[in-house]
There are 2 protein chains.
Amino acid sequence: MKKQGLSGVEWSILNSLWENNEMTVKEVQGSIQDLQDKAYTTIQTYLERMVKYKYLKKRKRGSINFYYPVIDRESILKQETTSFLSKIFNGSVSNLAAFLLSTDNISKEDLKKLKSILAEEEKKHE
Amino acid sequence: MKKQGLSGVEWSILNSLWENNEMTVKEVQGSIQDLQDKAYTTIQTYLERMVKYKYLKKRKRGSINFYYPVIDRESILKQETTSFLSKIFNGSVSNLAAFLLSTDNISKEDLKKLKSILAEEEKKHE
DNA sequence: CTATATTTACTACAGGTGTAGTATTGCTAC
DNA sequence: GTAGCAATACTACACCTGTAGTAAATATAG
């Protein structure tokens with residue numbers, strides 16, 4: 001079968017690795033709240049599978065494995081966003097925004113930030 | 001294990017059913033491009049599993065099964081959107097918008113629509 | 001009515017995914 | 001240098017998911 005999109009945990013792991021460049025199993029576990037109560041080998045399995053699927057590579061320092069990302073954050077972001085938007089909102093952010101507004105699912109702050117981002121964009125293209 | 005989010009196909013099926021109230025296997029297959037070249041029983045399996053997971057129910061008319069949705073479109077939209085945004089964009093639409101703008105991944109039309117939706121909202125709250 | 005086609009109900013199977021156990025290897029503190 | 005702890009490598013297992021085959025029931029055309 002084909003690998004699905006990234007799961008929440010895989011995403012957290014990637015975020016940690018993008019920030020820290022390379023990490024051991026233990027460090028990864030330490031950095032992610034949701035993994036705190038999981039078995040050490042569970043995290044190991046995640047990491048090994050992500051290597052298998054070419055999201056990561058590993059390198060040994062001494063006898064310890066260090067994992068590091070070999071995929072680009074921006075391209076994954078784009079891929080996940082595109083697939084989400086096209087699946088649910090016919091590919092359109094404005095549809096998403098319309099939904100959030102009409103159902104009151106956006107915070108005041110976020111709405112404000114959204115407006116200011118767009119205003120900013122406006123300026124740039126004057 | 002836990003059911004993942006809705007797959008693309010499941011989403012299409014739900015959309016068809018929300019529009020048509022109830023449909024047979026054949027009708028579902030006919031209504032979705034991506035299922036055209038799949039075996040009839042593949043669609044049947046999708047539908048039966050969606051019944052098992054309580055997205056749908058079925059009712060017999062004569063000896064034919066008709067499937068219909070028992071979940072609310074809006075609540076699923078909300079659930080999927082929330083989980084996507086929190087997974088990838090820290091729960092914030094403005095982060096998503098910022099990403100799309102900075103990487104030039106939004107069409108002119110969509111951007112225009114987005115602005116007009118926000119302007120509209122502005123008016124409503126005067 | 002009977003041969004054919006449709007539909008259902010059930011089964012199957014490979015690969016994904018969350019979760020973790022076990023055996024072995026290697027490090028560390030006496 | 002050895003007992004114990006930590007890390008690696010490997011294996012396991014149940015449920016998910018895409019895909020579909022098969023047998024039995026039912027409808028349909030002639």
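A note on names: the letters A, B, ... follow the listed sequences, proteins ahead of strands, and every chain is numbered from 1.
Nearest-nucleotide mapping onto DNA chain C: of A:Gln4 and A:Gln44, the residue sitting toward the 5' end is A:Gln4. Comparing A:Val9 and A:Tyr53, the nucleotide of DNA chain C nearest to each residue sits closer to the 5' end for A:Tyr53. Positionally, the nearest nucleotide of DNA chain D for B:Lys52 lies more toward the 5' end than for the other of B:Lys52 and B:Ala39.
Judged by distance alone, with hydrogens and angles left aside, A:Thr42 brings no side-chain donor or acceptor close enough to the base of C:dG18 to form a pair under 3.5 Å.
For D:dA6, neither phosphate oxygen OP1 nor OP2 lies less than 4.0 angstrom from any side-chain nitrogen or oxygen of A:Lys26. Note on B:Lys58: a side-chain N or O is less than 4.0 Å away from OP1 or OP2 of C:dA9. Listed pair A:Ser7 / C:dG18 meets the phosphate criterion, a side-chain N or O lying under 4.0 Å from OP1 or OP2. For the OP1/OP2 pair of D:dT17 and a distance below 4.0 Å, the side-chain nitrogens and oxygens of B:Tyr46 include no atom meeting the criterion.
Between B:Arg49 and B:Glu10, none of the side-chain N atoms (NZ, or NE/NH1/NH2) sits under 4.0 Å from a carboxylate O, so this pair counts as no salt bridge. Using a cut-off of 4.0 Å between Lys/Arg side-chain N and Asp/Glu carboxylate O, B:Lys115 and B:Glu122 are scored as not salt-bridged. Salt bridge annotation for B:Arg61-B:Glu22: present, with a cationic side-chain nitrogen under 4.0 angstrom from a carboxylate oxygen.
Ranking D:dA14, D:dG21, D:dG18 by closeness to the B:Met1 side chain, first place goes to D:dA14. Closest contact between the side chain of B:Arg49 and the listed nucleotides C:dA12, C:dT17, C:dG21 involves C:dA12.
Within 4.0 Å (heavy atoms only), A:Ser63 reaches sugar-phosphate atoms of the nucleic acid but no base atom. At the heavy-atom level, B:Thr24 lies nowhere under 4.0 Å from the strands shown. Using a 4.0 Å heavy-atom distance criterion, A:Tyr40 is classed as a base contact. Heavy atoms of B:Val25 sit under 4.0 angstrom from primed sugar atoms or phosphate atoms, though from no base atom.
For A:Arg59 and A:Phe66, the positive end is not near the middle of the six-membered ring at less than 6.0 Å and at most 45° from its axis.
Relative orientation of the B:Phe89 and B:Phe84 rings is perpendicular, given thresholds of 30° and 60° on the angle between their planes.
In this structure, A:Lys3 places its NZ atom 13 Å from P of D:dT17, rounding to the nearest Å. In this structure, B:Asn65 atom CG and D:dA25 atom P are separated by 16 Å, rounded to whole Å. Regarding B:Ile64, its CD1 atom lies at a distance of 11 Å from the C1' atom of D:dA25, rounded to whole Å. Between A:Lys2 atom NZ and D:dT19 atom P there is a gap of 12 Å when expressed in whole angstrom units. D:dA25 atom P lies 13 Å from atom NZ of B:Lys60, rounded to whole Å. Rounded to whole angstrom, the span from the CG atom of A:Leu47 across to the P atom of C:dG18 amounts to 13 Å. Taking atom CD1 on B:Ile43 and atom P on D:dT17, their separation rounds to 17 Å, with Å as the unit. As rounded to whole Å, 13 Å separates atom C1' of C:dA20 from atom CG of A:Asp37.
Side-chain atoms of A:Asn90 and A:Ser92 include no donor-acceptor pair closer than 3.5 Å.
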